[in-house]
Amino acid sequence: MSLSQSVVERQLQNLQEENTKKRISAVKAIWEISKKSENQRELVVKFGVIIPLLNLLNDENNEVQIYALKAILCMTANSENQRELVSKYGIVGPLLVLLMYGHEDSKQHAVAA
């Protein structure tokens, strides 16, 4: 099944929702998409999800933080251009903030990163 930009855009909109359940559902969906293949990860990054995911690392909901972190890690961990992504999007800074001020469960995931 081909990933369409409209699917990602819909999830991106849901990441901005005030409703926590919608944010959780959207961030989980992006994580699931990014796990499927390198091609899917590249498309999701191309569609602009990294910055909204980084913003979710500051979310008040622990589950949102954890799935945002998982999605970011999935997109960068096995990427040929991992260093470029980490540098371009400044991923290290938000991880450090999460380590200092995040929920305990989120901190443990950030340490794994």
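For the numbers below, each heavy atom of this structure counts, side chains included, while hydrogens, waters and symmetry mates do not.
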Tell me, do Lys46 and Glu42 make a side-chain contact under 4.5 Å, heavy atoms counted?
no
Tell me the salt bridge (Lys or Arg N to Asp or Glu O under 4.0 Å) pairs involving residues 13-26, sequence neighbours left out?
Arg23-Asp59, Arg23-Glu60
Who passes side chain to side chain donor-acceptor pair (under 3.5 Å) against Gln16, sequence neighbours left out?
none
About how many Å separate CD1 of Ile72 and CG of Leu53, when rounded to the nearest 0.5 Å?
5.0 Å
Taking side chain to side chain donor-acceptor pair (under 3.5 Å) as the definition, give me every residue that meets it alongside Lys36, ordered by chain and number, with sequence neighbours left out.
none
Which value, rounded to the nearest 0.5 Å, describes the distance between Ile33 atom CD1 and Arg41 atom CZ?
12.5 Å
Out of the candidates Val7, Val8, Val44, only one should pair with Ile30 under the side-chain contact (heavy atoms from CB on, under 4.5 Å) rule; please name it.
Val44
Distance from Leu12 atom CG to Ile51 atom CD1, nearest 0.5 Å?
11.5 Å
When you measure from the side chain of Gln65 to the backbone N and O of Leu57, does any donor-acceptor pair fall under 3.5 Å?
yes
For residues Leu56 and Val27, determine if any side-chain heavy atom of one lies less than 4.5 Å from a side-chain heavy atom of the other.
yes
Among residues at least two apart in sequence or on other chains, which ones pass side chain to side chain donor-acceptor pair (under 3.5 Å) with Gln13?
none
Please examine the side chains of Val45 and Ile50, heavy atoms only from C-beta on, and report whether any two atoms are closer than 4.5 Å.
yes
Under the side chain to side chain contact (heavy atoms under 4.5 Å, CB included) test, which residues partner Ser25, sequence neighbours left out?
none
I need the minimum non-hydrogen distance between Cys74 and Trp31, along with the two atoms involved.
CB-CD1, 4.4 Å
Applied to residues 5-28, the ring-ring contact (aromatic ring centres under 6.0 Å, His included) test, sequence neighbours excluded, yields none
